[in-house]
S.K.: 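One structure coming up, written as structure tokens, with questions to follow.
Counting starts at 1 for both ligands and their atoms, following the listed order. In this text, all values refer to a predicted model and were calculated from it rather than measured experimentally.
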Amino acid sequence: MKTVADKAIQVEGVCKRYGQVAAVNNVSFDVHHGEFVSLLGPSGCGKTTTLRMIAGFIMASDGAIRVNGRDVTHLPPEKREVGFVFQNYALWPHMTVAENVAFGLKLRKRDKAFIKRKIEESLAVTGLSGYEARLPRELSGGQQQRVALARALALEPQLLLMDEPLSNLDRALRVAMRRELKQLQKRLNMTTLYVTHDQEEALSMSDRVVIMSGGEIARIARPFEVYEDPQSEFVADFVGTTNFFDGTVAGVADGITTVRVGPSLVLHVGSHIQVPTGADVRVLLRPERVRILAAQQEGANVFKARIDFVEYFGPTIRYTAQIATGESLYIETHNNSRAADIGDHVWVNIEPDHFRLIEGRRRRAS
Ligand SMILES: Nc1ncnc2c1ncn2[C@@H]1O[C@H](COP(=O)(O)OP(=O)(O)OP(=O)(O)O)[C@@H](O)[C@H]1O
């Protein structure tokens, strides 16, 4: 059982208003000691504003922020005892990479041998060994971003706030760095709050993900819960690809909810939530949960579909298909067997437990 003492960050009913605009509206969440939490959401949803309010660069219009139990809502950044790495990584232009990394340690009056070791370690982690003597202007944008990261890591902060620290890096480096960063965070047990709009980054690095939409929190959950059971249209749509079917509950029996979609499609859905007969529902289905059958079969949730479009992603292939009843369906498979081409007809099957139900109908036009 987690207690208040376990909480490194507490955000309570925090708002930020700019005139009539509520950039952040009544946001509350906690980050426990040693936890890695991501703020994930589309551009403009309030992630950066939330992080900057915790850092103290933006003052909250309302609500309270506590760091290690201490109310810091009205304190300036330097009194909050948090480290941060922001998108606009302000390096000292006249200092070398090593001097930039050493700067905070010198201010803290650490001895020379310690500083030397920390420079070596943090540059190694960020893949910058050998760049010690360069000036920031002699580095690429991504390298500068890594220096900013190395500079923050060298201080081994107990609490680190990061705003898209890997956004300027190419994909291979980003993937390598997020693993390094995650391992380091675990090793140092460093409480981390991390802003990203990259869902893969958030899912792969975080203990929990806070999903924001329009200045508010849409969901707080562990990565697999967010993906496997999105519980809302927004989360299902924003994280990964989802098939949506609008339907009406025709009956519930033996743990199966029968949902009628359109005039002729019937789905048999595992009853993981209680929905009464007659209710409007949306049925969600992840594309990789659809199985392409080797041959025609009979049975519940077996459909004939025509392949309309094929996208090859390397490890996976995504098919856009049309079920014989008219609904469209995304199917994703591993690339070890290319099951179909455009124009082919295939038989597909879906396990009832692979569907998710949410009550109500589509909020937006498709
Ligand atoms: N100084 C400001 N004055 C007025 N509106 C602002 C100000 N700063 C931010 N906003 C607005 O507040 C909202 C949230 O901005 P914020 O930068 O927190 O979003 P974000 O989720 O971090 O987006 P991104 O991923 O694009 O960085 C946006 O609609 C933005 O236009």
S.K.: What atoms of ligand 1 come closer than 4.0 angstrom to any heavy atom of Ala23?
M.R.: 12 (O), 13 (C)
S.K.: Looking only at heavy atoms, is any part of Lys47 under 4.0 Å from ligand 1, and if so is it the side chain, the backbone, or both, or is it neither?
M.R.: both
S.K.: Would you check whether Thr49 has a nitrogen or oxygen atom less than 3.5 angstrom from a nitrogen or oxygen atom of ligand 1?
M.R.: yes
S.K.: Of the listed options (Gly214, Gly46, Ser43), which comes nearest to atom 21 (O) of ligand 1 when hydrogens are ignored and any heavy atom counts?
M.R.: Gly46
S.K.: Hey, does Val21 come in under 3.5 Å of ligand 1, counting only N/O atoms on both sides?
M.R.: no
S.K.: Check whether Phe224 forms a cation-pi arrangement with Arg222 (NZ or CZ under 6.0 Å from the six-membered ring centre, at most 45° off the ring normal).
M.R.: no
S.K.: Regarding ligand 1, does His197 bring an N or O atom to under 3.5 Å of one of the ligand's N or O atoms?
M.R.: no
S.K.: Give the atoms of ligand 1, by number and element, whose distance to some non-hydrogen atom of Pro42 is under 4.0 Å.
M.R.: 21 (O)
S.K.: Any heavy-atom pair between the side chains of Glu81 and Gln158 that's under 4.5 Å?
M.R.: no
S.K.: Looking only at non-hydrogen atoms, find the nearest pair between Leu265 and Phe303 and report the distance.
M.R.: CD1-CE2, 3.3 Å
S.K.: Side-chain contact test, heavy atoms from C-beta onward, threshold under 4.5 Å: evaluate it for Ile211 versus Val226 and give yes or no.
M.R.: yes
S.K.: Based purely on interatomic distance, does Cys45 place a nitrogen or oxygen under 3.5 Å from a nitrogen or oxygen of ligand 1?
M.R.: yes
S.K.: Would you say Ile358 and Leu284 make side-chain contact, with heavy atoms under 4.5 Å?
M.R.: yes
S.K.: Kindly confirm or rule out a cation-pi arrangement of Arg286 over Tyr227, judged by NZ or CZ under 6.0 Å from the six-membered ring centre and within 45° of its axis?
M.R.: yes
S.K.: Yes or no on ring-ring contact (aromatic ring centres under 6.0 Å, His included) for Phe36 and Tyr194, after CA distance, side-chain angles and deciding distance?
M.R.: CA-CA 7 Å; Phe36 191 120; Tyr194 190 97; 5.3 Å; yes
S.K.: Return the option from Ser167, Ala22, Gly44 holding the heavy atom at the smallest distance from atom 14 (C) of ligand 1.
M.R.: Gly44
